[in-house]
Visitor: 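Sharing a structure here in structure tokens format.
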Amino acid sequence: MHSLDPTDENVLQRGSGAGVDVWRRRGFLSAAATLAATCSPVLQALTETPQILGGTGYPGRSVFQGDRDYERWRQAMAWQLYKAPRYPEVIVRPNHREEVAGVVKKCAAEGRRIAVKSGGHNVSEAFLRDGGLLLDLGELQHLELSSDGSSAWVEPALWSYELLRGLDEADKAFPVSHCATVPMGGFLMGGGIGYNHDNWGAIGCENIIAAEVVLPGGDSHIVSSEENPDLLWALKGGGMGFPGVVTRLNIALHPKPKSVMETALIFPIGHLDLAIELLNDWARANPADTELMMLLASNPMATDDTPPQARKMAIARAVTYTASDSASRAQLEQLVNHPNAVHTVAPIEFKSTSLQKMSIESVNPKMGLGFGRYAVDTIWTDRLHDMTDSLNQQISQAPSNKTHFVISPKMNKNVSEDCAFSRIGSTFVGAYTVWDDESEDGRNFDWLSKTRSALHPFSEGQYINEVDAFTNPGAPQQCFSSSAWTRLHETRRRFDPSELFYGWPDTGHG
Ligand SMILES: Cc1cc2nc3c(=O)[nH]c(=O)nc-3n(C[C@H](O)[C@H](O)[C@H](O)COP(=O)(O)OP(=O)(O)OC[C@H]3O[C@@H](n4cnc5c(N)ncnc54)[C@H](O)[C@@H]3O)c2cc1C
């Protein structure tokens, strides 16, 4: 059903879509070859494997540890190339959502614990556990719009891009992930910082109206503000500790903006302080219907002669979502008229775009920061300016030319109390290191660990969708207020007293 063919020239990658010619011209990281080499066997494993491998008795397709195809399947579960060394006893991939209840019932009867996966993008790879059953919801990609177009039922593995495509004709939009292949399930259950995130709810999960959930008893329940409201609260940003399987989400939609326009200002890293000042000033001015993001990354034009202060770049990117091109242009003019903009090193242009176009560009190997082995740490901070030196130092010591930071001011921090999502700061800072070769694992993990130490003194909290809960078991707690953390545990105990579903590692629920 996906019109993006990941075996073709698209690469499954973090798509910040820098939108700058200089990146495009150089084809910066021609990652298509990597994808073809790495993802094809994985996709093949899923398509070649027979419908039901003999006698497992689970609905859908399944494979047991020890079966010939087991390792190829296991590897296919994680989106990225680093596969955590944890080995489920069985992997089951239902063909449709009606089969999920049967899997849960059988597990409950056999006392087999369950880990759930929608798209497999989460850096924790918490769906990979030693033992138990991995329930792979990858086939659940259906989209159903309400007759008046105000809401939609989405299945958890529906890609961000496919949702945008499905909403286009109805002139509707949704704050989907900045990467086309991130699906709705994990993204919304872990919060969801999507396109236009300050204006379509403070955080994506606020748009969840209801859900269908299979609970440990094996029955499907509606979860809404009237029925099982505690579960609705928990699935709005509670992340990997949810005590059930979400088979469908009912989400509120937004009118599609008539004009989407972007611009990017490129600073050499030596002017990071000026770039941060510009970003902060603009965020303080609180421009309506605008999304701001800054990327720190390698300069693709750098040669051995390039001075250190120009080997990395800070790219401030703004996207407007308004009613007309003139309104968009007026917003962007304010940014480029900032006095610090004179220190940029590339021509500034305004480009009309669309949500779908940006989503496609996110998987364009010529534009993004690559696909590969991948490690992440994120914080919320109220002290971005004070972090300038640390950020400068860490990006300058990047172990890979795909290592990058994403910095995104959050102007709307009023997350509703109806959400488990409960820690947020003025700015999101994400450190991402991406590399190709296994032999570089140590160097990259080491860099991330040092970056963690450098950034965490400025932290107001972390983002559950982008913490590695196995490397840093204390991280999930940092993603929630203390009352939300307590309530999440109480909700788990109430709905899943026998711990059928795996929870956060090393918290007593793991
Ligand atoms: C390339 C890339 C780009 C990204 N871009 C963004 C972005 O723009 N904004 C942003 O906010 N985040 C972004 N992320 C982070 C992303 O939102 C999280 O990794 C998210 O968890 C991925 O969703 P998933 O369905 O693939 O989760 P999975 O990895 O499949 O699942 C993660 C965990 O969620 C739980 N879970 C998932 N589905 C279900 C279900 N149906 N029922 C019960 N429990 C479930 C399980 O505990 C599971 O272990 C990005 C990640 C990547 C790799």
Side-chain angles (χ1 to χ4, degrees), residues 11-17 77-82 84 86 88 94 97 100 104 114-129 134-138 140-141 154-160 175-197 203-205 211-215 223 231 234-235 237-249 291 293 358-359 362-363 368-376 378 406 408 410 421 428 430 432 434 463-470 476 492 496 501-505 509-510:
V11 170
L12 313 180
Q13 62 185 3
R14 183 174 187 89
S16 54
M77 294 298 110
W79 163 86
Q80 63 147 312
L81 292 184
Y82 172 78
R86 297 187 292 267
R97 74 171 182 277
V100 170
V104 174
I114 302 172
V116 187
K117 187 217 99 170
S118 289
H121 285 67
N122 199 286
V123 71
S124 291
E125 299 184 3
F127 44 84
L128 287 175
R129 302 294 179 124
L134 193 172
L135 180 56
D136 171 16
L137 303 178
L140 276 57
Q141 302 171 9
V154 295
E155 287 188 342
L158 181 74
W159 285 12
S160 294
V176 297
S177 147
H178 299 88
C179 177
T181 63
V182 172
M184 303 316 294
F187 171 70
L188 287 182
M189 291 181 71
I193 307 171
Y195 291 130
N196 203 13
H197 54 81
I203 195 84
C205 62
E212 274 177 21
V213 172
V214 177
L215 288 175
V223 162
L231 286 175
L235 70 78
M240 66 195 75
F242 192 72
V245 187
V246 174
T247 53
R248 285 216 286 181
L249 289 162
E291 186 185 345
M293 191 184 267
M358 290 192 294
S359 188
S362 75
V363 285
L369 286 156
F371 171 75
R373 303 167 86 79
Y374 182 79
V376 180
T378 54
V406 172
S408 184
K410 194 89 191 99
F421 193 93
F428 167 89
Y432 304 84
V434 185
Y463 177 39
I464 190 67
N465 253 342
E466 301 205 272
V467 292
D468 185 341
F470 286 86
R492 265 190 76 80
D496 187 14
F501 291 95
Y502 288 100
W504 309 273
H509 297 293

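A quick note: this is a predicted structure, and the numbers were derived from the prediction, not measured. Atoms within each ligand, like the ligands themselves, are counted from 1 in listed order.
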Visitor: What are the atoms of ligand 1, with element, lying closer than 4.0 Å to any heavy atom of His178?
Guide: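 Counting from 1, the qualifying ligand atoms are 7 (C), 8 (O).
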Visitor: Between ligand 1 and Phe371, can you find any atom pair, the residue atom being a heavy atom, that is separated by under 4.0 Å?
Guide: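 Checking ligand 1 against Phe371, which is what was asked, there is no heavy-atom contact under 4.0 Å.
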Visitor: Considering only heavy atoms of Lys117, which atoms of ligand 1 have at least one such atom less than 4.0 Å away?
Guide: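 That gives atoms 30 (O) of ligand 1.
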Visitor: Please determine if Met189 has a nitrogen or oxygen closer than 3.5 Å to a nitrogen or oxygen of ligand 1.
Guide: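 The answer is no, given that Met189 and ligand 1 share no N or O pair closer than 3.5 Å.
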Visitor: Relative to atom 27 (O) of ligand 1, which among Pro243, Gly185, Gly186, Ala78 owns the nearest non-hydrogen atom?
Guide: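 Ranked by closest heavy atom to atom 27 (O) of ligand 1, first place is Gly186.
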Visitor: Has the side chain of Thr378 got a donor or acceptor atom that lies under 3.5 Å from a matching backbone atom of Val467?
Guide: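 No.
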Visitor: Taking Asp468 for the side chain and Ser124 for the main chain, is one N or O donor matched with an acceptor at less than 3.5 Å?
Guide: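 Not at all, since once roles are kept as given, no pair shorter than 3.5 Å links the two residues.
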Visitor: Using side-chain contact (heavy atoms from CB on, under 4.5 Å), reason through Ser408 and His197 one step at a time and then give a plain yes or no.
Guide: CA-CA 10 Å; Ser408 184; His197 54 81; 3.4 Å; yes
Visitor: So, the side chain of Arg492 versus the backbone of Gly241: is there a donor-acceptor pair under 3.5 Å, distance only?
Guide: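 Indeed, once roles are kept as given, a pair shorter than 3.5 Å links the two residues.
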Visitor: List the steps, then state whether side chain to side chain donor-acceptor pair (under 3.5 Å) holds for Glu125 with Tyr82.
Guide: CA-CA 10 Å; Glu125 299 184 3; Tyr82 172 78; over 6 Å; no
Visitor: Answer yes or no: does an N/O atom from Gly241 fall short of 3.5 Å to an N/O atom of ligand 1?
Guide: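 No.
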Visitor: Evaluate Gly239 for polar contact with ligand 1, using N/O atom pairs at a separation under 3.5 Å.
Guide: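 So ligand 1 has no N or O lying under 3.5 Å from an N or O of Gly239.
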Visitor: Indicate the atoms forming the closest heavy-atom contact of Pro175 with Gly204, along with that distance.
Guide: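 Residues Pro175 and Gly204, closest heavy atoms: CG-CA, 4.5 Å.
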Visitor: Looking at ligand 1, is there an atom of it that comes within less than 4.0 Å of some heavy atom belonging to Gly190?
Guide: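 Flag not set, Gly190 not near ligand 1.
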Visitor: For ligand 1 and Gly194, I'd like to know whether there is a polar contact (N/O to N/O, distance under 3.5 Å).
Guide: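 Gly194 vs ligand 1: no N/O contact under 3.5 Å.
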Visitor: What atoms in ligand 1 come closer than 4.0 Å to a heavy atom of Met240?
Guide: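 What qualifies from ligand 1 is 47 (O).
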Visitor: For the pair Glu155 and Arg97, find out whether any cationic side-chain nitrogen is under 4.0 Å from an anionic carboxylate oxygen.
Guide: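 Judged by the 4.0 Å cut-off on N to carboxylate O distance, Glu155 and Arg97 do form a salt bridge.
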Visitor: For Phe127, does the six-membered ring have the charged nitrogen or CZ of Arg86 within the cation-pi criterion, i.e. under 6.0 angstrom from the centroid and within 45° of the normal?
Guide: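 Geometry flag: not set, cation outside 6.0 Å or 45°.
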Visitor: Any idea which of Ile193, Leu158, Val176, Leu134 brings a heavy atom closest to atom 9 (N) of ligand 1?
Guide: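 Among Ile193, Leu158, Val176, Leu134, the closest heavy atom to atom 9 (N) of ligand 1 comes from Ile193.
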Visitor: Ignoring hydrogens, just give me the one of Gly244, Ser177, Gly430 whose non-hydrogen atom is nearest atom 6 (C) of ligand 1.
Guide: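 It is Ser177 that holds the nearest heavy atom.
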Visitor: Can you find an N or O of Phe242 that's nearer than 3.5 Å to an N or O of ligand 1?
Guide: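 No, there is no polar N/O contact under 3.5 Å.
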Visitor: Mind checking whether Tyr374 has a heavy atom under 4.0 Å from ligand 1?
Guide: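 Contact check Tyr374 vs ligand 1: positive.
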Visitor: Could you please spell out the steps behind the side-chain contact (heavy atoms from CB on, under 4.5 Å) verdict for Phe428 and Ile193?
Guide: CA-CA 10 Å; Phe428 167 89; Ile193 307 171; 3.8 Å; yes
Visitor: Report, in ascending order of atom number, the atoms of ligand 1 lying under 4.0 Å from any heavy atom of Val245.
Guide: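 Reading through ligand 1 atom by atom, the close ones are 42 (N).
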Visitor: Would Ser124 count as a contact residue for ligand 1, given that I'm defining contact as a non-hydrogen atom of the residue lying under 4.0 Å from a ligand atom?
Guide: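 For ligand 1, residue contact (heavy atoms, under 4.0 Å) with Ser124 is absent.
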Visitor: Answer yes or no: is there a donor N or O on one side and an acceptor on the other, between the side chain of Ser160 and the main chain of Thr181, under 3.5 Å?
Guide: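 A pair under 3.5 Å: no.
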Visitor: Record the part of Gln80 in heavy-atom contact with ligand 1 below 4.0 Å; permitted values are side chain, backbone, both and neither.
Guide: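 Neither; no heavy atom under 4.0 Å.
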Visitor: Just going by heavy-atom distances, which of Ala126, Gly238, Cys179 is nearest to atom 3 (C) of ligand 1?
Guide: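 It is Cys179 that holds the nearest heavy atom.
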Visitor: Under 3.5 Å, is there a donor-acceptor pair between the side chain of Gln80 and the main chain of Tyr374?
Guide: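 Yes, the answer is positive, given that a donor and an acceptor are paired below the 3.5 Å cut-off.
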Visitor: Tell me whether Ser118 has any N or O atom under 3.5 angstrom from an N or O of ligand 1.
Guide: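 N/O-N/O distance below 3.5 Å exists for this pair.
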Visitor: Taking only heavy atoms of Gly192, which atoms of ligand 1 are found under 4.0 Å from at least one of them?
Guide: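 In order of number, 11 (O).
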Visitor: Yes or no on side-chain contact (heavy atoms from CB on, under 4.5 Å) for Val213 and Val245, after CA distance, side-chain angles and deciding distance?
Guide: CA-CA 5 Å; Val213 172; Val245 187; 5.9 Å; no
Visitor: For residues His178 and Glu291, is any side-chain donor paired with an opposing acceptor at under 3.5 Å?
Guide: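 Yes, a side-chain donor-acceptor pair sits under 3.5 Å.
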Visitor: Measure Tyr502 to ligand 1 on non-hydrogen atoms and call it side chain, backbone, both or neither using the 4.0 Å cut-off.
Guide: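 Looking at Tyr502 and ligand 1, no heavy atom falls under 4.0 Å.
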Visitor: For ligand 1, which atoms sit closer than 4.0 Å to a heavy atom of Trp79?
Guide: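 Numbered from 1, ligand 1 contributes 1 (C), 53 (C).
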Visitor: Show the atoms of ligand 1 that are less than 4.0 angstrom away from any heavy atom in Phe127.
Guide: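 Atoms satisfying the 4.0 Å criterion: 29 (O), 49 (O).
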